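None of these values were measured; they are calculated from a predicted model. Order of the sequence lines sets the chain letters (A, B, ...), proteins ahead of strands, with each chain counted from 1.
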Amino acid sequence: MSENTVSIRHLKEHADQVVHLKGWLNGKRRSGKIGFLQIRDGSGTVQAVASRAELSEQAWEDVKAVTQESTVHVSGTVKVDERAPGGVELHVTDFGVDDLCGEFPITPKEHGTAFLMEHRHLWLRSSRQRAALAVRNEVCQGIRDFFYEREFTLIDSPILTPAACEGTSTLFETDYFGDPAFLSQSGQLYLEPAISAFGKVYCFGPTFRAEKSKTRRHLTEFWMVEPEVAFLEFGGLCDLAEEFIQTLVGRVLERCSEHLEVLERDIAQLEKSTHPFPRITYTKAVELLKEKGQSIEWGEDLGGEDETVLAEHFDQPVLISHFPAAIKAFYMEPDADDPKLALGLDIIAPEGYGEIIGGSQRIHDHDFLLERIKEHDLPLEAFKWYLDVRKYGTCPHSGFGMGVERFVAWMTGVKHLRETIPYPRMLYKIYP
RNA sequence: UCCUCGGUAGCUCAAUGGUAGAGCGAUCGGCUGUUAACCGAUAGGUUGGGGGUUCAAGUCCCUCCCGGGGAGCCA
């Protein structure tokens, strides 16, 4: 017999053909002389129907004995059948167990979060987890395509860094041949020099924050994508950030409908986010929040609840800009019309998913940046090379950063960031 | 770090200070269209650790450990 090994995703294209599958047993129901086997091969799942009358004695014994998550091989005819989830099922002609699985910890019934997190390596096999991580895969590919199509150059920034970008308290420290080194919490400072070489650049990789944050919106290790563009000023930056989000949302809607269905995601919510985003200034946002009864004063940073109130009010992503310079990073360019304000922007996702983008136009004047570094009591020696960007042919430039997990959480409707990354790293948790 | 809730069978949870239980899972048996199948049976426990109160503690008190949710900070 000729080999006709196919993946479950493509079974529909093989109606009435005999095919071979290799995979794992997702679940089983047996009723006397007929068995229903849910087979998963990584590309999808299919129900295989095994009748005693049509099988060898050995194959039927394996059908009776097979346990959840056993490794199996199966041959059968692909049949279109309305009764089957997915539209097709497999009428088994041969079946065998390659590895009989012992009692699998994760059953089809309920489990607590602590238990599931301890079994993250096994939890990955569950349908919701597979769907969420498949969306993450699509988002990551979308990010790379977005920048590649717009002729950005990928500049990988280092993970081991000699000094802090914005203070050391939130950095993971490690030993580097006897000297302290820190895990990167942003690639931005390394990206800025690269704009003078490539014009439009981005980095995409893991970042590390030793913040003792214990919320559903925080990981200690998360992935961030950061574009940085020469000669791009603040207005253009806002447009780029908005187009970026719209493009990614559109791509997820177009290519992940199956996964979003598994996750029971409300698509209508996401469709709103392909339209232009409302844009307001920080000052306007504070006024609005006060009207809504939030206790916030001009000059204070927006709290988590403030973000949620704003997101609910607009019911789609909202772009907030022109923050008080005092609460923002030292490198942000001041507004020419009002130097108390910084040309920074945040994009807040709707439905309580919080800040997904933060960015700014950067200070490009050498002496002014030097002054700012001194004001912030930052170690001048560590920023010598960063100042060189301004010393040797400076230009106005801007960039932003987007947290991949927060974006994926918003797309999938998953409440906690831990389910948007294969192996989450959280406060005090690094197993498995 | 702070606030708050919790830790009992493999899992999810019950149990007035008075004999530790159920459902699911597992195992065995039955069933030819099941969708978290169903029916019958069996096995399964140092109640997170330590100390205390009491005739008696899963239950009350102290302490430590671990976990969930939230806050601050951030993406």
Side-chain angles (χ1 to χ4, degrees), chain A residues 26-38 45-55 60 63-65 67-69 79 81-86 89 91 101-119 122 126-127 165-167 169-170 185-188 206-226 241 300-308 327-329 345-349 352-359 400-410 415-418 420-421 426-429 431:
Chain A
N26 226 27
K28 168 172 90 164
R29 280 174 289 277
R30 198 165 63 81
S31 172
K33 295 177 181 64
I34 188 166
F36 301 95
L37 309 168
Q38 269 66 46
T45 56
V46 69
Q47 174 160 273
V49 184
S51 310
R52 182 180 188 172
E54 293 163 27
L55 291 177
W60 181 250
V63 168
K64 286 202 289 185
T67 53
Q68 187 193 348
E69 292 305 327
K79 289 287 178 195
D81 194 318
E82 281 176 12
R83 289 174 294 186
E89 61 181 25
H91 285 215
C101 182
E103 198 175 333
F104 194 68
I106 299 175
T107 64
K109 289 284 176 172
E110 285 173 76
H111 297 288
T113 307
F115 178 80
L116 289 168
M117 284 306 298
E118 264 174 46
H119 295 84
L122 304 178
S126 304
S127 58
C165 169
E166 302 167 44
S169 60
T170 62
Q185 62 173 3
S186 167
Q188 182 200 322
T207 41
F208 307 87
R209 306 244 171 124
E211 291 158 3
K212 298 209 167 170
S213 313
K214 192 176 164 324
T215 84
R216 72 181 78 172
R217 299 208 288 233
H218 289 87
L219 300 169
T220 54
E221 178 180 319
F222 66 98
W223 281 61
M224 188 153 69
V225 54
E226 298 172 88
E300 294 170 7
D301 221 337
L302 302 176
E305 204 187 321
D306 298 323
E307 287 181 1
T308 305
I327 57 170
K328 287 292 177 180
L345 77 103
D346 283 357
I347 292 181
I348 314 284
Y353 286 95
E355 187 185 333
I356 49 172
I357 275 188
F400 66 80
M402 185 189 80
V404 170
E405 288 76 17
R406 283 197 184 167
F407 183 80
V408 173
W410 171 38
K415 288 180 220 70
H416 201 300
L417 250 49
R418 64 187 161 216
T420 64
I421 185 168
M426 293 175 294
L427 183 59
Y428 305 129
K429 276 216 286 260
Y431 175 91

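- Applying the side chain to side chain contact (heavy atoms under 4.5 Å, CB included) criterion to A:Lys212, with sequence neighbours excluded, gives A:Leu427, A:Tyr428.
- For A:Phe115, the ring-ring contact (aromatic ring centres under 6.0 Å, His included) test picks out A:His111, A:His119, with sequence neighbours left out.
- Atom P of nucleotide B:C73 and atom CG of A:Leu219 are separated by 19 Å, given to the nearest angstrom.
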If you write RNA chain B from 5' to 3' in dot-bracket form, with Watson-Crick or G-U pairs under 3.5 Å, [ ] for crossing pairs and | for pairs with another strand, what do you get? (((((((..((((....[..)))).(((((.......))))).....(((((..]....))))))))))))....
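- With sequence neighbours excluded, no residue forms a salt bridge (Lys or Arg N to Asp or Glu O under 4.0 Å) with A:Lys28.
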How does protein contact run along nucleotides 37-45 of chain B, one letter per nucleotide 5' to 3', with B for base contact, S for sugar-phosphate only, - for none, heavy atoms under 4.0 Å? B--------
Tabulated below should be each protein N or O lying under 3.5 Å from an N or O of nucleotides 63-69 of chain B; please produce it.
{"from": "B:G68", "atom 1": "OP1", "to": "A:Lys429", "atom 2": "NZ", "distance (Å)": "2.4"}
{"from": "B:G68", "atom 1": "OP2", "to": "A:Lys429", "atom 2": "NZ", "distance (Å)": "3.2"}
{"from": "B:G69", "atom 1": "OP1", "to": "A:Arg418", "atom 2": "NH1", "distance (Å)": "3.3"}
{"from": "B:G69", "atom 1": "OP1", "to": "A:Arg418", "atom 2": "NH2", "distance (Å)": "2.7"}
{"from": "B:G69", "atom 1": "N7", "to": "A:Lys214", "atom 2": "NZ", "distance (Å)": "3.1"}

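- Within 4.0 Å (heavy atoms only), A:His111 reaches sugar-phosphate atoms of the nucleic acid but no base atom.
- A:Asp81 pairs by the side chain to side chain contact (heavy atoms under 4.5 Å, CB included) definition with A:Arg83, A:Ala84, A:Glu89, not counting sequence neighbours.
- Annotation: side chain to side chain contact (heavy atoms under 4.5 Å, CB included) contacts of A:Lys79 (sequence neighbours excluded): A:Asp16, A:Thr77, A:His91.
- A donor-acceptor contact under 3.5 angstrom links the side-chain atoms of A:Ser213 to the base of B:C73.
- For the pair A:Phe222 and B:A75, the ring geometry qualifies as stacking, because the centroid separation is below 5.5 Å while the planes lie within an angle under 30°.
- Partners of A:Ser31 according to the side chain to side chain contact (heavy atoms under 4.5 Å, CB included) rule, which considers only residues two or more places apart in sequence or in another chain, are A:Ile34.
- Not counting sequence neighbours, the partners of A:Glu69 by the side-chain hydrogen bond (donor to acceptor under 3.5 Å, both in side chains) test are A:Arg40, A:Arg125.
- In the set B:G25, B:C74, B:U34, the nucleotide with an atom closest to the side chain of A:Glu103 is B:G25.
- Side-chain atoms of A:Lys212 lie closest to B:U1 of the nucleotides B:U1, B:G25, B:C74.
- For A:Ser127, there are no side-chain hydrogen bond (donor to acceptor under 3.5 Å, both in side chains) partners two or more places apart in sequence or in a different chain.
- Annotation: ring-ring contact (aromatic ring centres under 6.0 Å, His included) contacts of A:Trp60 (sequence neighbours excluded): none.
- Interface remark: the A:Glu110 side chain does not form any donor-acceptor pair with the B:G23 base, using a distance-only criterion of under 3.5 Å.
- Across B:G29 and B:G10, the matching P atoms stand 24 Å from one another, rounded to whole Å.
- In this structure, CG of A:Leu55 is placed 15 Å from P of B:U32, rounded to the nearest angstrom.
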